[in-house]
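As the structure is a prediction and not an experimental result, all values here were calculated from the model. Note: hydrogens, waters and symmetry copies are ignored here, and every other heavy atom, side chains too, is used.
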Amino acid sequence: MSAGRVVIAHLSDLHFGGYADLAQIEALESFLPTLEADATVISGDLSQRARHGEFQAAHAFVNRLRPHAPVLVVPGNHDIEWWKSPLGFLGERRKYRKYSRYFGDLTPVMEIPGAVLAGALSSYGVALGSLTWNIRDVAVKGHLPKSETDRVAEIFAKGPPGAARVLVFHHNVLPGAVSRRMGLARWRSAHRRLLATGADVVLCGHDHQEGAGQVDGTLAVSTSGTHSHRSRGGRPSVFNLVSVEPGAVHIQHFRWEPTTREFQRSDAFSFARAGPPKVTVSVAGGDQGL
Ligand SMILES: [Fe+2]
Ligand SMILES: [Fe+2]
């Protein structure tokens with residue numbers, strides 16, 4: 001952190017297993033420390049099939065990053081064994097047991113100088129809240145229950161004044177530029193509730209294409225790409241460096257160059273910082289949204 005600025009390296013969708021791009025993984029290990037970020041976030045899909053070997057590789061990768069900056073990890077849809085409890089019939093814990101063995105808390109919270117980072121759970125596998133009319137969405141789409149946004153809002157409300165509020169979960173909040181698809185089911189109500197959490201920026205992934213945008217023109221969203229061979233449309237892999245300043249959120253893309261085997265600074269976006277949620281004050285004769 002320097003002069004009220006918090007910098008976060010945001011990765012996603014490593015997909016350890018058959019599709020992970022080892023050249024990128026090795027390049028990340030040497031390149032990320034040079035960015036001197038205050039924290040590293042991995043927004044889910046560490047594995048391909050929630051196998052022990054995949055989690056072990058992901059765990060070793062995370063441990064190699066930890067000496068340089070604290071790391072916050074949340075699970076993606078590929079990291080949970082949803083088939084062990086479809087629709088939650090056999091309890092919710094079974095499907096997360098293997099992930100938790102390696103990465104612990106499903107919704108980690110981290111406080112660093114100048115920022116509060118809160119993980120939320122959007123990955124539930126085959127669950128009622130994630131179901132849509134599209135058969136392709138089964139076990140892929142996620143959702144963000146009210147209990148999750150309420151819990152995060154409480155965490156952010158207790159954070160130090162002025163600290164950056166960073167909300168992390170797996171499924172993309174904004175439609176992918178190529179896929180045109182939302183990661184979250186029931187995204188309209190999720191958007192309303194996200195705005196009320198007090199977050200300054202949302203970090204997510206899942207679409208396998210990078211993105212930088214805003215919810216409702218106020219809340220910045222960083223979508224990180226994938227470091228597997230399954231990037232959207234075969235486009236180059238991208239990760240994001242997110243900087244939160246008192247008045248702005250900056251999202252810098254770093255694009256993988258397969259020929260030189262290095263990440264290069266690419267497009268950058270800046271958004272006004274959302275700040276605390278607006279409150280509605282009741283005035284005689286009606287409400288005024290302030
Ligand atoms: Fe993924
Ligand atoms: Fe995913």
Side-chain angles (χ1 to χ4, degrees), residues 1 5-14 28 32 35 37-46 62 65 69-77 79 103 105-112 114-123 142 144 148-149 151-153 155-156 159 163-176 182-184 187 190-191 193-195 197-215 218-227 237-245 248-254 267-271 273-274:
M1 184 186 166
R5 187 170 192 246
V6 176
V7 180
I8 298 164
H10 174 203
L11 314 178
S12 201
D13 296 76
L14 303 167
L28 285 169
L32 286 175
L35 297 173
D38 300 297
T40 303
V41 163
I42 305 175
S43 52
D45 278 0
L46 291 99
V62 169
L65 297 181
V71 184
L72 182 139
V73 178
V74 296
N77 52 303
D79 301 323
F103 299 103
D105 199 348
L106 299 171
T107 55
V109 177
M110 179 194 289
E111 198 168 328
I112 58 173
V116 179
L117 289 78
L121 189 60
S122 66
S123 303
L144 207 52
E148 278 298 86
T149 42
R151 186 181 57 75
V152 168
I155 292 165
F156 285 161
R165 271 104 171 126
V166 181
L167 174 48
V168 182
F169 51 87
H170 178 60
H171 290 85
N172 55 304
V173 173
L174 299 174
M182 290 283 189
L184 290 175
W187 57 269
H191 278 191
R193 286 181 285 106
L194 283 171
L195 293 170
T197 61
D200 291 303
V201 60
V202 171
L203 310 187
C204 58
H206 181 70
D207 191 59
H208 289 203
Q209 182 182 4
E210 76 282 6
Q214 284 174 304
V215 172
T218 55
L219 171 58
V221 178
S222 163
T223 312
S224 206
T226 179
H227 301 290
S237 294
V238 171
F239 77 87
N240 299 342
L241 192 70
V242 178
S243 310
V244 185
E245 294 176 355
V249 176
H250 307 283
I251 300 172
Q252 168 75 59
H253 293 321
F254 282 87
D267 298 338
F269 299 83
S270 294
F271 305 102
R273 185 167 161 183

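- The heavy-atom pair separating Gln252 from Ala268 by the smallest distance is OE1-CB, 3.5 Å.
- The CD atom of Glu210 lies 11.5 Å from the CD1 atom of Ile251; values are rounded to the nearest 0.5 Å.
- Aromatic ring orientation, His206 versus His171: tilted (interplanar angle from 30° to 60°).
- A donor-acceptor pair shorter than 3.5 Å can be found between the side chains of Asn240 and Ser222.
- Annotation: the span from Leu194 atom CG to Thr149 atom OG1 amounts to 7.0 Å, rounded to 0.5 Å.
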For side-chain contact (heavy atoms from CB on, under 4.5 Å), just list the numbers for Ile8 and Val166, CA-CA rounded to whole Å, side-chain angles, deciding distance to a tenth of an Å, and then say yes or no. CA-CA 10 Å; Ile8 298 164; Val166 181; 3.7 Å; yes
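- Across all their heavy atoms, Phe156 and Val116 have their closest contact at CE2-O, 3.7 Å.
- Note that OG1 of Thr107 and CZ of Arg151 are 4.0 Å apart. Values are rounded to the nearest 0.5 Å.
- Distance check, rounded to the nearest 0.5 Å: CG of Leu241 to OG of Ser224 gives 10.0 Å.
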Audit row: Leu117, Ile112, side-chain contact (heavy atoms from CB on, under 4.5 Å) steps and yes/no: CA-CA 8 Å; Leu117 289 78; Ile112 58 173; 4.1 Å; yes
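- With rounding to the nearest 0.5 angstrom, the CG atom of Leu28 is 10.0 Å from the OG1 atom of Thr40.
- Side chain of Arg165 to backbone of Ala163: a donor-acceptor contact under 3.5 angstrom is found.
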